Amino acid sequence: MFGANFSTFHPTVFILLGIPGLENYHTWLSLPFCLMYITVVLENGTLILVVFSACTLHARMYVFLSVLADADILLSTTTIPKALAILWFHAGEIAFDACITQMFFIHVAFVAESGILLAMAFDRVVAICTPLRYTAILTLMAIGKMTLAIWGRSTGTIFPIIFLMKRLPYCRTNIIPHSYCEHIAVARLVCADITVNIWYGFSVLMASVLVDVALIGISYTLILQAVFRLPSQDVRHKALNTCGSHIGFILFFIPSFFTFLTHRFGKNIPHHVHILLANLYVLIPCMLNPITCGAKPKQIRDSMAHVLSVVGKS
């Protein structure tokens, strides 16, 4: 696979190491990872089931919630099962094409998450600032187009990374000091200049995710201005309650930005800190999303209890 003279090669498999430097703690680290992953799948799966089984929840905001839950499950399932296999069974081998596929879905889900959060912020702007035009603006056709645009944008921006990775020559090693196939972690195995990879990945972050964050901030500024102009304190409280929980989603970006930037530019941070944060940012936000925004509205809680009672009786 490496060649007689260590020349350029195209690896058939990569070896993922898990969390280098913390090998003695792999078993202990796997326990919270496993519990959090099970929680992510159960919470988000239940939320999707509730939204699509309760006809009263087919409002625009709840459609976005179910799309966000889909992205949460995709992001965590693409990474954590393989990470657990490494931590438990030392099953670090992953085929080259499987590694590239995993990389693709990780980054697609991440970019899609920010787009979904922006769509949810736009939903609240329309609902609070122009409530009489809400159903006219956010039609089911508009929701469908927005959803397609979100996934289309994420797929279109990440696909060039896959092309870049498949065209590069690999001549150093096939060992990846990570628990999953992160873009730059794989690119560092290349024996060619990866400047294009680094800056394209950075430009994707700047042009999509950071723009989404800025627009989300503007959206909630408009919402707050509209809310504080309302005459009744009870009405203001109700309006804030419908969107206040969404702000917790912004926490999704803090560990991910830190991981993204330090993995590229932070040379003095221990490597195992990078890897731990990289795993936590695909687990903790996905675990908290249904709680902060899905389980809080009384309508979803009641419908969830009803669905679970029906399932229990059956």
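Side chains included, hydrogens not; waters and symmetry mates left out as well; all remaining heavy atoms used. Values in this document were obtained by computation on a predicted structure and should not be read as measured data.
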Taking every non-hydrogen atom, the tightest pair across [X] and [Y]:
X	Y	result
His107	Ile158	CB-CD1, 3.6 Å
Ala226	Ile128	CB-CG2, 4.2 Å
Ala185	His178	CB-CD2, 4.0 Å
Pro81	Ser76	CD-O, 3.6 Å
Ile223	Arg124	CD1-CB, 3.6 Å
Asp212	Gly115	OD2-N, 3.4 Å

#### Entry: Partners meeting salt bridge (Lys or Arg N to Asp or Glu O under 4.0 Å) with Lys145 (sequence neighbours left out)
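Partners of Lys145 under the salt bridge (Lys or Arg N to Asp or Glu O under 4.0 Å) test: none.
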What's the separation between atom [atom1] in [X] and atom [atom2] in [Y], rounded to the nearest 0.5 Å?
X	Y	atom1	atom2	answer
Tyr281	Phe110	OH	CZ	5.5 Å
Tyr180	Asn279	OH	CG	6.0 Å
Leu75	Ile80	CG	CD1	8.5 Å
Asp72	Thr77	CG	OG1	10.0 Å
Ile161	Thr157	CD1	OG1	7.5 Å
Asn44	Ser66	CG	OG	10.5 Å

4.5 Å side-chain heavy-atom contact, [X] and [Y]:
X	Y	value
Cys286	Glu43	no
Ile100	Cys181	no
Thr173	Pro11	no
Phe64	Ile143	yes
His272	Pro177	no
Cys99	Val186	yes
Leu117	Ile216	yes
Leu283	Phe33	yes

### Check against side-chain contact (heavy atoms from CB on, under 4.5 Å), Asn197 and Leu168
CA-CA 10 Å; Asn197 293 70; Leu168 290 171; 3.6 Å; yes
I'd like to know if the side chain of [X] and the backbone of [Y] have a donor-acceptor N/O pair within less than 3.5 Å.
X	Y	result
Lys82	Ala91	yes
Thr139	Ala142	yes
Asn174	Val13	yes
Asp123	Ala119	no
Thr155	Gly152	no

### Query
Does Phe105 CZ have over 12 foreign heavy atoms under 6.0 Å away?
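No - once you tally the heavy atoms of other residues, nucleotides and ligands closer than 6.0 Å, there are 12 at most.
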#### Entry: Asn24: side chain to side chain donor-acceptor pair (under 3.5 Å) partners, not counting sequence neighbours
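Not a single residue meets the side chain to side chain donor-acceptor pair (under 3.5 Å) criterion with Asn24.
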Do [X] and [Y] belong together in a cluster built from hydrophobic side chains that touch within less than 4.5 Å?
X	Y	answer
Ile218	Met146	yes
Ile275	Leu31	no
Ile137	Leu222	yes
Leu276	Tyr25	yes
Val211	Ile150	yes

### Task
Go through the steps to decide whether Val51 and Tyr62 satisfy the test side-chain contact (heavy atoms from CB on, under 4.5 Å), and finish with yes or no.
CA-CA 7 Å; Val51 170; Tyr62 300 122; 4.2 Å; yes
Only pairs under 3.5 Å count here: list side-chain donor-acceptor contacts from residues 14-23, not counting sequence neighbours, and write none if there are none.
unit_1	atom_1	unit_2	atom_2	d
Glu23	OE1	Gly21	N	3.0
Glu23	OE2	Gly21	N	3.2

### Query
Given the side-chain rings of Trp199 and Phe202, with only the six-membered ring counted for Trp, is the space between their centroids under 6.0 Å?
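Trp199 vs Phe202: aromatic centres under 6.0 Å.
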### Task
May I have the step-by-step check of side-chain contact (heavy atoms from CB on, under 4.5 Å) for Thr147 and Trp151, ending in yes or no?
CA-CA 6 Å; Thr147 302; Trp151 288 106; 3.8 Å; yes
### Query
Yes or no on side-chain contact (heavy atoms from CB on, under 4.5 Å) for His183 and Phe104, after CA distance, side-chain angles and deciding distance?
CA-CA 9 Å; His183 173 214; Phe104 174 74; over 6 Å; no
